[in-house]
Chemist: 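One structure follows; several queries about it will come next.
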Amino acid sequence: MSLTAYLAYFLAGYTGLTVAFFMLSAVTPKAGFVARALASYISLMICAAYGAIASIVLRIVGHGQIAQWTTARAFKYVMAFTTGITFEVDDPNKYLETVRPAVFIGNHQTELDVLMLGCMFPKYCSVTAKKNLKKVPVLGWYMSLSGTVFIDRASSKNARDAMAGAAEEIQRRKQSVYMFPEGTRSYAKEPGLLPFKKGAFHLAVQAGVPIVPVVAANYSYLLHVKSLVFNSGKIPVKVLDPIPTVGLTPEDVDELTRSTRELMLQEIISLTQKARNQAIPVPASSDTGVIKSSGRDTARSL
């Protein structure tokens, strides 16, 4: 039996299993969680394969810098079809289209944030990733081909050193990057933010480019992994005003990180209140919400 035949049988079986769980969700809601998880995974794999091919073609024709944008948009539409989930982006001033280069940052809730990127990802932008991901088959090839900005964390003494090479890439290629300053997924049921790492802010200051916060409402009402909840729906996202960094120094990064986090937290609460149509108390905070410098003090993207 040929590889094509094996692939066809696998896809048919996978699709049948996913449809079966969708049908069962009418009886037990937890089956909907399994169905959408399966649909999300196969959607991601299909779009990754498309992205690898698109990256090669776009590099040949001289448009390699939009490879991640076109892959992101493909994922947006595929996920809307297979899971019924999408993010509605509010960008009244069209910062996603006009601000370049920049360091875009956002809150990190679950694996579904990949879809959030699919819905808002600007042209001439790329994610950042650990340098050792270059060696991962398929994924590493796609990242390299599509212009991912790799960060060498292992040999870094602090966030500033880790971002030096990335800052040079941003300036040289006029390429924006997207990062999650929380550094990990929060899986929070209520709106909030984990403490911020300072890597993204060091990067923006070193490159002399603005920071553009992009915040999504807490969407635990649609996806909450611990409760096995995964429903269809729309999640609001808002693009905030760019924060300039020209003239700032490394000594300004702590305050820049703190003030940006506070701004994003207030907007997350506001968006979540509108999405749920109910008042939400502002969470108490006893610290600055900024992680002190360390060898691992770099924001996460993938």
Side-chain angles (χ1 to χ4, degrees), residues 95-96 99-109 113 116-117 120-122 124-131 148-186 192-216 237-268 285 287-302:
Y95 293 134
L96 295 177
V99 180
R100 174 195 171 206
V103 174
F104 293 90
I105 60 172
N107 52 316
H108 202 9
Q109 299 182 62
D113 291 335
M116 188 271 291
L117 293 179
M120 59 68 57
F121 210 68
Y124 306 103
C125 184
S126 66
V127 296
T128 60
K130 294 179 291 186
K131 192 173 182 179
T148 295
V149 176
F150 290 99
I151 298 171
D152 188 1
R153 300 179 185 177
S155 63
S156 299
K157 294 180 180 179
N158 53 45
R160 201 183 310 175
D161 291 341
M163 295 298 160
E168 292 176 4
E169 283 288 291
I170 290 173
Q171 293 170 332
R172 181 176 62 84
R173 296 163 50 194
K174 303 299 180 184
Q175 183 92 351
S176 299
V177 297
Y178 192 98
M179 305 178 75
F180 293 111
E182 290 169 279
T184 189
R185 304 174 189 92
S186 66
L193 286 169
L194 297 175
F196 274 13
K197 296 184 178 182
K198 295 181 287 187
F201 302 90
H202 276 299
L203 176 57
V205 169
Q206 288 186 45
V209 300
I211 295 167
V212 182
V214 180
V215 296
V237 174
K238 187 171 182 179
V239 182
L240 306 187
D241 292 339
I243 300 170
T245 65
V246 175
L248 297 184
T249 68
E251 286 67 35
D252 299 312
V253 166
D254 278 3
E255 176 58 24
L256 177 64
T257 305
R258 186 205 64 76
S259 60
T260 303
R261 181 181 181 275
E262 182 63 27
L263 177 69
M264 292 175 64
L265 180 58
Q266 295 301 320
E267 191 60 46
I268 291 167
S285 178
D287 56 29
T288 63
V290 180
I291 294 177
K292 293 182 179 180
S293 296
S294 72
R296 299 292 178 181
D297 185 19
T298 50
R300 175 190 179 122
S301 184
L302 288 178

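All heavy atoms count here, side chains included; hydrogens, waters and symmetry mates do not.
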Chemist: Counting only N and O atoms by type, is there a donor-acceptor contact under 3.5 Å from the side chain of N107 to the main-chain atoms of L193?
Modeler: no
Chemist: Is there a side-chain contact between M120 and V239 (heavy atoms, below 4.5 Å)?
Modeler: no
Chemist: How many angstroms lie between OH in Y124 and CZ in R173, if you round to the nearest 0.5 Å?
Modeler: 12.5 Å
Chemist: Which heavy atom of E267 sits nearest to which heavy atom of V215, and what is that distance?
Modeler: CG-CG2, 3.4 Å
Chemist: Closest approach of A216 and Q109, non-hydrogen atoms and distance?
Modeler: O-NE2, 3.7 Å
Chemist: Which word best sums up how the rings of Y178 and F104 line up, parallel for under 30°, tilted for 30 to 60°, or perpendicular for over 60°?
Modeler: parallel
Chemist: Please find the pair of heavy atoms, one from P242 and one from V99, that lie closest to each other, and give the distance.
Modeler: CG-CG2, 3.9 Å
Chemist: Looking only at heavy atoms, what is the nearest atom pair of V212 and A102, with distance?
Modeler: CG2-CB, 4.0 Å
Chemist: How long is the straight-line distance from CD1 of I170 back to CG of L203, given to the nearest 0.5 Å?
Modeler: 4.0 Å
Chemist: Counting distance only, does the side-chain N/O of S176 pair as donor-acceptor with the main-chain N or O of C125 below 3.5 Å?
Modeler: no
Chemist: Heavy atoms only: give me the nearest Q206-A167 pair and the separation to one decimal.
Modeler: CB-CB, 3.9 Å
Chemist: Among V253, L248, V103, which one satisfies side-chain contact (heavy atoms from CB on, under 4.5 Å) with F201?
Modeler: V253
Chemist: What I'd like to find out is whether the side chain of P210 reaches to under 4.5 Å of the side chain of I243, using heavy atoms alone.
Modeler: no
Chemist: Short question: side chain of R100, backbone of K174 - any donor-acceptor pair under 3.5 Å?
Modeler: yes
Chemist: Please report the C-alpha distance between E255 and R258 in whole Å, then the side-chain angles of each, then the deciding distance to 0.1 Å, and finally whether the side-chain contact (heavy atoms from CB on, under 4.5 Å) criterion is met.
Modeler: CA-CA 5 Å; E255 176 58 24; R258 186 205 64 76; 2.7 Å; yes
Chemist: How far apart are the C-alpha atoms of L256 and I211, what are their side-chain angles, what is the distance that settles it, and do they pass the side-chain contact (heavy atoms from CB on, under 4.5 Å) test?
Modeler: CA-CA 10 Å; L256 177 64; I211 295 167; 3.7 Å; yes
Chemist: Side chains of P181 and T257, heavy atoms from C-beta outward: is any pair under 4.5 Å?
Modeler: no
Chemist: Treating E182 as the side-chain partner and H108 as the backbone partner, does any N or O pair qualify as donor plus acceptor under 3.5 Å?
Modeler: yes
Chemist: Could you walk me through whether D252 and V205 pass the side-chain contact (heavy atoms from CB on, under 4.5 Å) test, one step at a time?
Modeler: CA-CA 9 Å; D252 299 312; V205 169; over 6 Å; no
Chemist: Roughly how far apart are T260 OG1 and L240 CG, rounded to 0.5 Å?
Modeler: 9.5 Å
